[in-house]
Amino acid sequence: MEQARLHTGCINCILDRQLNNFDSDTPEEKRREYMQALLRILSEASAEESGPVIAERIHKLQKEMFGREADFSKIKHTYNQMMLNKEDEVQREIAASADPLKRAIQYAMTGNYIDFGALDGVEDEKLEELLKRSTQNPVDAKEYANLKKDLAEASKLVYLTDNCGEIVLDKILIGQLMQQYPQIDITVIVRGKPALNDATLEDAEEAGLSEVVTVIGNGSGITGTWLPEISAEAREKIEEADLILSKGQGNFETLQGCGKNIYYMFLCKCKLFVERFQMEQFEGVLANELRCQDRSDQEKIG
């Protein structure tokens with residue numbers, strides 16, 4: 001049985017965001033053609049595909065029909081620099097904490113707020129508020145213990161990034177991993193092509209991440225990690241890894257059900273995730289792929 005990743009909530013969200021996504025002066029015939037093509041994309045999507053996979057097809061449609069391709073380069077630079085300016089302060093707080101690894105995870109989760117795909121907009125004041133109270137971000141005690149056990153036994157780890165700005169906090173967390181688990185060979189995988197404000201190789205370089213760890217692109221412009229469409233190099237790294245740390249909702253949406261030893265880290269931003277994980281909006285999640293699947297199976301049986 002194929003893994004159902006495309007939820008009705010995602011379809012509704014895509015429709016709300018994209019159905020009338022054309023300029024006000026677009027001729028009626030062109031509007032109708034676009035809307036029919038959009039609905040066709042959604043109707044032909046398979047259940048095993050996810051929101052990020054479908055969204056990428058819609059972005060291609062918009063480019064073909066309207067020549068539209070959103071440029072997030074200025075936004076990405078702004079948030080990369082914003083978080084780089086906070087890096088020393090964050091590093092000092094983490095170093096002074098009772099559990100630096102846990103504190104770094106809380107910060108990395110919080111950085112997942114910088115998401116122009118899942119949110120209508122990113123508010124700087126809200127980001128500041130979330131960073132200030134990031135210590136309140138819940139880190140599931142059992143999963144954290146499982147993660148530390150897996151880290152102690154791992155030799156190869158893949159870290160899947162999500163957004164710009166956030167990648168600076170990922171760098172800090174990776175630094176903690178390298179310090180506490182020096183036996184692990186870490187590879188970071190970013191998006192292979194521009195995808196909204198998701199981090200690419202250029203962002204990894206700007207954030208200084210490429211200076212401390214191996215970073216590769218995944219060859220894809222999907223806002224997630226859709227295994228059928230990533231590069232052979234990225235797929236090989238993922239297959240060889242003992243352990244995968246995956247940031248963001250998009251990576252969860254595209255990878256859920258794959259059966260690999262993945263620890264997902266993100267903020268619950270949209271209604272679907274808030275309901276699925278029974279958490280407040282903007283609370284953090286640390287969840288393991290294998291145990292997520294166990295819970296889903298139990299829910300189906302129940």
Side-chain angles (χ1 to χ4, degrees), residues 72-97 99-119 121-135 137 139 157-180 186-192 194-218 223 225 244-251 263-267 269 282 284-286:
F72 282 85
S73 57
K74 290 184 179 179
I75 287 174
K76 293 169 77 176
H77 174 70
T78 295
Y79 283 95
N80 286 336
Q81 292 301 313
M82 181 186 297
M83 298 313 299
L84 282 169
N85 289 337
K86 298 178 182 296
E87 182 177 2
D88 288 345
E89 177 186 349
V90 171
Q91 289 276 28
R92 286 194 295 270
E93 184 183 337
I94 288 172
S97 68
D99 188 341
L101 179 61
K102 179 181 176 181
R103 192 70 188 93
I105 288 173
Q106 289 173 317
Y107 265 118
M109 283 179 177
T110 304
N112 191 232
Y113 171 76
I114 308 171
D115 187 341
F116 285 81
L119 298 170
V122 174
E123 301 174 6
D124 293 353
E125 289 184 1
K126 184 65 177 180
L127 175 58
E128 290 287 349
E129 174 197 337
L130 291 172
L131 288 169
K132 286 179 181 178
R133 59 183 177 90
S134 60
T135 186
N137 245 336
V139 177
L157 181 149
V158 163
Y159 193 109
L160 304 173
T161 67
D162 194 14
N163 300 304
C164 67
E166 175 183 358
I167 199 172
V168 176
L169 299 173
D170 293 331
K171 180 181 71 172
I172 295 172
L173 172 54
I174 289 166
Q176 282 295 320
L177 294 172
M178 294 173 71
Q179 180 180 331
Q180 297 190 33
I186 301 176
T187 299
V188 174
I189 300 180
V190 298
R191 305 290 184 248
L196 299 180
N197 71 302
D198 286 17
T200 60
L201 286 170
E202 290 77 12
D203 297 294
E205 291 171 1
E206 182 175 11
L209 182 58
S210 302
E211 298 174 9
V212 299
V213 70
T214 299
V215 183
I216 64 171
N218 70 0
T223 56
T225 303
I244 300 168
L245 299 185
S246 170
K247 291 294 299 298
Q249 291 185 174
N251 280 330
Y263 285 84
Y264 298 106
M265 293 181 290
F266 53 82
L267 288 190
K269 295 185 286 282
F282 303 133
V285 171
L286 173 67

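Quick note: residue numbers are just sequence positions, from 1.
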Candidate pair L173 and M265, rule side-chain contact (heavy atoms from CB on, under 4.5 Å), full reasoning: CA-CA 12 Å; L173 172 54; M265 293 181 290; 3.9 Å; yes
Between N112 and G248 the two heavy atoms that sit nearest each other are ND2-CA, 3.4 Å
What is the distance from atom CD1 of I186 to atom CG of L157, rounded to the nearest 0.5 Å? 5.5 Å
Can you list the steps and then say if L169 with I172 is a side-chain contact (heavy atoms from CB on, under 4.5 Å)? CA-CA 5 Å; L169 299 173; I172 295 172; 4.1 Å; yes
When you compare the side chain of R191 with that of T161, does any pair of heavy atoms fall below 4.5 Å? no
Treating Y113 as the side-chain partner and E123 as the backbone partner, does any N or O pair qualify as donor plus acceptor under 3.5 Å? yes
Nearest heavy-atom pair of I94 and P100: which atoms, and what distance? CG2-O, 3.4 Å
Donor-acceptor contact present, side-chain K247 to main-chain A108, <3.5 Å: yes
Could you go step by step and tell me if E93 and K86 meet the salt bridge (Lys or Arg N to Asp or Glu O under 4.0 Å) rule? CA-CA 11 Å; E93 184 183 337; K86 298 178 182 296; over 6 Å; no
Using a distance-only test with no angle check, is there a side-chain donor-acceptor pair under 3.5 angstrom linking Y79 and D124? yes
Restricting to non-hydrogen atoms, name the atom on A199 and the atom on V190 that form the minimum distance, rounded to 0.1 Å. O-CB, 3.5 Å
I189 side chain near Y159 side chain, heavy-atom distance below 4.5 Å: no
Measure the spacing between OH of Y107 and CD of E87 and express it to the nearest 0.5 Å. 12.5 Å
I'd like to know whether T110 forms a side-chain hydrogen bond (donor to acceptor under 3.5 Å, both in side chains) with N137, so could you lay out the CA-CA distance, the side-chain angles of the two residues, the decisive distance to 0.1 Å, and finally the verdict. CA-CA 8 Å; T110 304; N137 245 336; 2.9 Å; yes
Between C164 and K76, which heavy-atom pair has the shortest distance, and what is it? SG-CA, 3.6 Å
Drop me the distance from L201's CG to I216's CD1, to the nearest 0.5 angstrom. 8.5 Å
Contact between L84 and Q81 at the side-chain level, heavy atoms closer than 4.5 Å - yes or no? yes
Heavy-atom pair of closest approach, residues D115 and K269: OD2-CE, 3.1 Å
Are the side chain of N163 and the backbone of I114 linked by a donor-acceptor contact shorter than 3.5 Å? yes
Does L245 reach the side chain of V158, with side-chain heavy atoms less than 4.5 Å apart? no
If you define the side chain from C-beta out and look only at heavy atoms, does anything of K171 sit under 4.5 Å from M83? no
Do you know the tightest heavy-atom contact between I167 and A207? CG2-CB, 3.6 Å
Residues E129, R133; criterion salt bridge (Lys or Arg N to Asp or Glu O under 4.0 Å); working and verdict: CA-CA 6 Å; E129 174 197 337; R133 59 183 177 90; 3.2 Å; yes
One should read off an interatomic distance between L286 CG and Q106 CD, to the nearest 0.5 angstrom, of 10.5 Å
Do I244 and Y263 come within less than 4.5 Å of each other through their side chains, counting heavy atoms only? no
L209 vs V188 side-chain heavy atoms within contact, under 4.5 Å: yes
One should read off an interatomic distance between S134 OG and F282 CZ, to the nearest 0.5 angstrom, of 15.0 Å
Using modelled atom types only, decide if a donor and an acceptor are shared between the side chain of N197 and the backbone of F72 within a distance under 3.5 Å. no
For the side chain of D203 and the backbone of T200, is there at least one donor-acceptor N/O pair under 3.5 Å apart? yes
Min side-chain heavy-atom separation M82-L127 under 4.5 Å: yes
Nearest 0.5 Å please: distance from the CG atom of D162 over to the CZ atom of F266. 10.5 Å
Check: N251 side chain, S246 main-chain N or O, donor-acceptor pair, under 3.5 Å: no
